[in-house]
Amino acid sequence: MKFSIIVPVYNVEKYVKRCLDSIFNQTYKDFEVIVVNDGSTDKSMDIVKKYKDVKIINEENRGLSHARNNGVKNARGDYILFVDSDDYINKDLLKELNKSLNNNPDVVRFQVQSVDEYGSMTKYEEENFEGLSGPKAFKRIVKFHYVENAWCYLYKRDFFIKNNFKYKEGMLHEDFGLTPLIIMKAGNVNSISYIGYNYFNRKGSIMNSNDYEKEKKKVKDFYTHYLYLKKEINKTNLDKKVFLSFISNSLILKVSSLKGKDYKEYKKLLKENNVYNDLLSDTFTRKIKKLIFKISPKLGAKMVK
């Protein structure tokens with residue numbers, strides 16, 4: 001079997017049919033669909049059960065990371081694709097991905113468009129490339145609109161399992177805590193220009209919540225992911241300058257969302273952990289940006305926007 005498509009499901013009765021229809025309407029047919037029921041309490045699974053060719057894994061509500069990890073454990077395809085249950089894919093995605101596998105890549109990047117509740121679409125057409133090492137691929141991908149999202153990539157299952165990649169459970173921003181490392185450790189990465197994934201940007205989702213307590217949780221988890229990524233990449237002999245700059249820049253921007261004493265506390269942590277030191281300063285613009293971030297992450301964040 002060529003592809004295993006893993007779909008974590010939790011209370012998405014309004015969207016899951018669109019997601020599964022988009023998968024079963026693929027023009028390329030050599031795939032399995034694994035739905036991991038993350039303890040749904042609405043009618044999501046009643047809808048899923050109408051699809052006879054779905055492998056269903058039921059579990060208690062333990063979050064997206066556990067659902068993805070469980071899906072990988074049960075996957076049998078040569079390659080793994082993650083699709084969030086409120087998103088959907090375009091009909092030729094698997095066909096285009098299959099065409100990109102001649103050089104046996106560990107990771108294949110494909111392109112994404114965002115869709116809102118009103119039907120407005122924003123396309124992100126990024127460059128294609130073939131046969132790059134992880135660090136070289138990362139230098140290209142880091143310029144793309146979406147970088148760390150798990151659903152932007154196809155992964156060779158053997159490569160994923162051999163490296164014991166797992167999403168950290170009980171934490172938000174789990175993609176940031178793993179995807180950059182996956183790319184860096186890949187021996188062979190392709191990128192195709194086909195826009196195959198529709199990211200549905202819906203109000204009320206976990207990542208779009210404006211609740212400040214949740215924002216503090218996001219920053220805390222982001223910081224934990226940052227420390228893990230830095231530790232893991234420093235175990236390698238890879239060219240890591242761009243990687244370290246990316247995770248540092250991402251953390252600084254995340255900290256800028258905090259207020260009052262929370263902001264001051266994390267600003268102190270940024271300095272104590274020498275986060276600013278890893279920012280690239282190889283151009284005049286980057287030197288200025290680095291200086292401004294050191295003075296004020298909030299001011300630097302405003303300039304980036």
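Since the structure is predicted, the reported quantities are computational estimates derived from the model, not experimental observations.
- Annotation: side chain of Val255 is in contact with side chain of Tyr263 (closest heavy-atom distance under 4.5 Å).
- Under the ring-ring contact (aromatic ring centres under 6.0 Å, His included) criterion, Tyr10 pairs with no residue at all, not counting sequence neighbours.
- Proximity of the aromatic rings of Tyr146 and Tyr124 is defined here by a centroid distance below 6.0 angstrom, and this criterion is met.
- In this structure, the ring of Tyr197 has its center less than 6.0 angstrom from the ring center of Trp151.
- When atom types are taken as modelled, the side chain of Asp211 and the backbone of Glu213 share a donor-acceptor pair closer than 3.5 angstrom.
- A donor atom on one side chain and an acceptor atom on the other are not found under 3.5 Å apart for Asn128 and Ser191.
- A side-chain donor from one of Glu215 and Ser257 sits under 3.5 Å from a side-chain acceptor of the other.
- Between the side chains of Asn11 and Thr41, a donor-acceptor pair is found at a separation under 3.5 Å.
- A salt bridge between Lys230 and Asp278 is present, with a side-chain N of the basic residue lying under 4.0 Å from a carboxylate O of the acidic one.
- Between Phe222 and His173, the ring planes lie perpendicular to each other; the angle is over 60°, past the 30° to 60° tilted range.
- A donor-acceptor pair under 3.5 Å is absent between the side-chain atoms of Ser245 and the main chain of Lys241, judged by distance alone.
- Lys289 has its side chain out of reach of Leu280: every pair of non-hydrogen atoms, C-beta onward, lies at least 4.5 Å apart.
- Side chains of Asp87 and Tyr15: a donor-acceptor N/O pair is absent below 3.5 angstrom, by distance only.
- A salt bridge links Lys156 to Asp106: at least one charged side-chain nitrogen sits closer than 4.0 Å to a carboxylate oxygen.
- Between Ile247 and Asn249 the shortest side-chain heavy-atom distance does not fall below 4.5 Å.
- There is no side-chain donor-acceptor pair under 3.5 Å between Arg18 and Tyr88.
- A side-chain donor-acceptor contact under 3.5 Å links Asn61 and Asp38.
- Side-chain contact check for Ile252 versus Leu279: some heavy-atom pair is nearer than 4.5 Å.
- No side-chain heavy atom of Lys50 sits under 4.5 Å from any side-chain heavy atom of Leu20.
- Looking only at side-chain heavy atoms (C-beta outward), Asn188 and Asn103 come within less than 4.5 Å of each other.
- Checked by atom type, the side-chain pair Asn98/Lys2 shows a donor-acceptor distance below 3.5 Å.
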(request) Please report the C-alpha distance between Lys14 and Asp86 in whole Å, then the side-chain angles of each, then the deciding distance to 0.1 Å, and finally whether the salt bridge (Lys or Arg N to Asp or Glu O under 4.0 Å) criterion is met. (result) CA-CA 8 Å; Lys14 287 176 60 177; Asp86 52 353; over 6 Å; no
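- In the displayed structure, Lys17 atom NZ is contacted under 6.0 Å by at most 12 heavy atoms of other residues, nucleotides or ligands.
- The backbone N or O of Ser114 sits nowhere less than 3.5 Å from a side-chain atom of Thr122 that would complete a donor-acceptor pair.
- Between Phe160 and Tyr155, the two ring planes are perpendicular [angle over 60°; tilted spans 30° to 60°].
- Looking at Glu59 and Asn70, their side chains do bring a donor and an acceptor atom within 3.5 Å of each other.
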(request) Would you sort out whether Cys19 and Phe200 count as a side chain to side chain contact (heavy atoms under 4.5 Å, CB included), showing the intermediate values? (result) CA-CA 10 Å; Cys19 176; Phe200 185 54; over 6 Å; no
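- For the pair Lys267 (side chain) and Ile295 (backbone), a donor-acceptor distance under 3.5 Å is present.
- Residues Asp92 and Lys95 are paired through a salt bridge, judged by an N-O separation under 4.0 Å between the basic side chain and the carboxylate.
- Outside the 6.0 Å centre-distance limit, the rings of Tyr153 and Phe110 are not counted as a close aromatic pair.
- By the 30° and 60° cut-offs, the orientation of the rings of Phe3 relative to Tyr79 is tilted.
- Annotation: Glu272, atom CD; neighbour count of heavy atoms from other residues, nucleotides and ligands within 6.0 Å is above 12.
- A salt bridge does not link Asp158 with Lys162: every distance from a Lys NZ or Arg NE/NH1/NH2 to an Asp or Glu carboxylate oxygen is 4.0 Å or more.
- Other residues, nucleotides and ligands place more than 12 heavy atoms under 6.0 Å from the NZ atom of Lys55.
- Partners of Ser4 according to the side-chain hydrogen bond (donor to acceptor under 3.5 Å, both in side chains) rule, which considers only residues two or more places apart in sequence or in another chain, are Glu32.
- You'll find the side chain of Phe159 reaches within 4.5 Å of the side chain of Phe165, heavy atoms only.
- Remark: Lys259 qualifies as a cation-pi partner of Tyr212 under the 6.0 Å distance and 45° angle criteria applied to the six-membered ring.
- Cation-pi contact between Lys168 and Tyr228: present, with separation from the ring centre below 6.0 Å and deviation from the ring axis of at most 45°.
- Using modelled atom types and a 3.5 Å distance limit, the side chains of Glu130 and Asn190 yield no donor-acceptor pair.
- The residues Arg68 and Asp84 are annotated as salt-bridged, a charged nitrogen and a carboxylate oxygen being separated by less than 4.0 angstrom.
- Listed for the Thr179 side chain is a donor-acceptor partner under 3.5 Å among the backbone atoms of Asp175.
- Side chains of Thr224 and Asp221: a donor-acceptor N/O pair is absent below 3.5 angstrom, by distance only.
- Side-chain contact between Val72 and Ile80 is present, with heavy atoms from C-beta onward closer than 4.5 Å.
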